[in-house]
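Here the structure comes first, spelled out in structure tokens, and everything after it is commentary.
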There are 2 protein chains.
Amino acid sequence: MGTMGDMTEPRWLTDEEQHVWRAYLHATTLLEDHLDRQLQRDAGMPHIYYGLLVQLSQAPRRRLRMTELAKSAKITRSRLSHAVARLEKNGWVRRENCPSDKRGQFARLTDEGTEVLRRNAPGHVAAVRQALFDRLSPEQVKQLGTIMRVMAEGLEPTDADADLPWLR
Amino acid sequence: MGTMGDMTEPRWLTDEEQHVWRAYLHATTLLEDHLDRQLQRDAGMPHIYYGLLVQLSQAPRRRLRMTELAKSAKITRSRLSHAVARLEKNGWVRRENCPSDKRGQFARLTDEGTEVLRRNAPGHVAAVRQALFDRLSPEQVKQLGTIMRVMAEGLEPTDADADLPWLR
DNA sequence: TCGATATAGTTCAACTTTCAAGGATGAGTC
DNA sequence: GACTCATCCTTGAAAGTTGAACTATATCGA
């Protein structure tokens with residue numbers, strides 16, 4: 001239980017760490033904003049919603065259980081419920097009952113949703129390329145991949161977290 | 001006008017690029033969620049609000065014009081207005097008129113706000129350290145800094161954007 | 001079979017963000 | 001000064017997110 005509350009002087013960030021941290025916050029928010037605007041403008045939905053459609057498009061039979069989809073998009077089930085309701089209104093997703101588990105729901109990508117994805121994928125890829133991959137050397141792309149995987153490892157929900165419902 | 005609409009086959013992402021892109025999305029959302037929860041729990045505000053207080057704490061006389069603050073936090077003025085209203089309710093920020101420009105407002109960090117920051121800085125730094133800097137080699141920290149700066153360069157609002165109000 | 005507990009998903013209320021106006025002041029030009 | 005246009009910030013409504021409460025179904029063990 002000692003994550004806080006000890007009186008030892010914390011290890012502050014070095015100057016370099018501070019600069020890197022600011023650069024990180026700056027770059028990641030710029031990119032997220034950029035992609036959000038690009039997709040909102042061209043596809044009529046924010047980046048995260050687009051991500052949901054992508055997940056569905058890659059799933060067998062273009063459908064996933066709500067909980068699966070929530071996990072792979074790393075959002076809460078609550079948020080997903082709202083999001084799917086909206087996408088359903090757009091006609092891009094449809095809910096289906098799960099025969100084997102009466103509590104369950106599938107979210108299925110409709111043909112219309114598939115079409116939206118097909119139309120917007122090129123623009124989205126172009127945006128990601130232009131912002132990221134076309135600006136980094138192959139070396140740097142590798143480095144970025146490694147670094148991101150290290151970060152994720154440290155943040156991955158562990159089994160311990162499963163006992164802590166308030167973490168989700 | 002030619003950002004889209006040409007019929008040439010887009011350059012899709014290579015396998016490696018796809019993996020890196022997913023790792024990026026995964027890691028950055030995990031980290032943002034983690035910091036949001038940590039600060040919401042300990043300080044009673046989300047990460048971005050905490051960032052506003054930090055900016056103010058580092059400004060001369062612990063105050064900034066609204067537009068300056070919005071720029072440095074990279075959020076819209078509208079969003080900032082709402083956010084400051086909330087922080088004002090908490091007693092952590094106070095608005096002050098600008099004598100030299102009657103349209104202007106300062107947001108000033110109150111003593112109470114300073115105290116909240118003092119109390120929560122150690123926990124926040126620890127979270128950032130634990131998630132990032134303590135897991136990366138010095139080499140990787142440098143690489144991350146370089147990569148993030150390259151990204152930001154490509155996304156930085158240019159003079160051209162100034163003509164496009166819908167970009168903000 | 002019953003009861004306890006866990007899981008799937010939704011809903012509600014509070015809060016936050018976005019988008020489109022809008023009111024006020026400043027700056028440039030005639 | 002008066003006109004026009006830009007800038008500063010706020011507002012209100014709609015949309016999105018969060019966290020907790022809730023319904024329904026499933027699962028496990030006695």
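If you're wondering where the values come from, they're calculated on a predicted model, not measured in any experiment. What you see below is based on every heavy atom in this structure, not just the backbone, and it leaves out hydrogens, waters and symmetry mates.
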Would you classify B:Ile48 as touching base, sugar-phosphate or nothing, given that sugar-phosphate means primed atoms plus P, OP1 and OP2, and contacts are heavy atoms under 4.0 Å?
-> sugar-phosphate
Distance test, side-chain N/O of A:Thr67 to OP1/OP2 of C:dG9, below 4.0 Å = yes
Does any non-hydrogen side-chain atom of B:His26 lie less than 4.5 Å from one of A:Met148?
-> no
Does B:Phe106 or B:Asp36 map to a spot on DNA chain D nearer the 5' end, using the closest nucleotide for each?
-> B:Phe106
Report which part of the nucleic acid A:Tyr49 touches: base, sugar-phosphate, or nothing (heavy-atom distance under 4.0 Å, all strands).
-> sugar-phosphate
So does A:Arg86 get a side-chain nitrogen or oxygen closer than 4.0 Å to the phosphate oxygens (OP1/OP2) of D:dG16?
-> yes
Heavy atoms of B:Pro46 and B:Arg86 approach each other most closely as CD-NH2, 4.1 Å
Comparing A:Glu68 and B:Gln40 on DNA chain C - which has the more 5′ nearest nucleotide = A:Glu68
Listed pairs, N/O of protein and of nucleotides 3-7 of chain D, under 3.5 Å:
| residue | atom | partner | partner atom | Å |
| --- | --- | --- | --- | --- |
| D:dT7 | O2 | B:Arg103 | NH1 | 2.6 |

Rounded to whole Å, the CG-C1' distance (A:Asp33 to C:dC19) equals 15 Å
Between C:dT10 and A:Arg95, is there an OP1 or OP2 to side-chain N/O distance shorter than 4.0 Å?
-> yes
Anything under 30° is parallel, anything over 60° is perpendicular, the rest tilted; go ahead and classify A:His124 against A:Tyr50.
-> tilted
Could you give the NZ-to-C1' distance, from A:Lys74 to D:dT17, as a whole number of Å?
-> 18 Å
Step through the shown structure and confirm whether more than 12 heavy atoms of other residues, nucleotides or ligands are within 6.0 Å of CD on B:Gln40.
-> yes
May I ask you to say what B:Ser78 touches in the nucleic acid, namely base, sugar-phosphate or nothing, with a heavy-atom cut-off under 4.0 Å?
-> base
In whole angstrom, what separates A:Gln105's CD from D:dA26's P?
-> 13 Å
Nearest whole angstrom, please: distance from the C1' of D:dC8 to the CG of B:Asn97.
-> 12 Å
Here the distance between atom P of D:dT17 and atom CZ of B:Arg79, to the nearest Å, is 12 Å
Salt-bridged, A:Glu115 to A:Arg118, with N to O below 4.0 Å?
-> yes
Which heavy atom in B:Ser72 sits nearest to a heavy atom in B:Gln55, and how many Å separate them?
-> OG-OE1, 3.4 Å
From the options C:dA8, C:dT25, C:dT16, select the nucleotide whose nearest atom is closest to the side chain of B:Asp101.
-> C:dT25
Using atom CG of B:Asn90 as one end and atom C1' of C:dT16 as the other, report the distance to the nearest whole Å.
-> 14 Å
Rounded to whole angstrom units, what separation is found between the NZ atom of B:Lys89 and the P atom of C:dA14?
-> 12 Å
Nearest listed nucleotide, side chain of B:Lys102, among C:dT25, D:dC8, C:dA8 = C:dT25
B:Phe106 and B:Leu69: same hydrophobic cluster, using ILVMFWY side-chain contacts below 4.5 Å?
-> no
Measure from the side-chain heavy atoms of A:His82 and tell me the nearest of C:dC19, D:dT18, D:dC9.
-> D:dT18
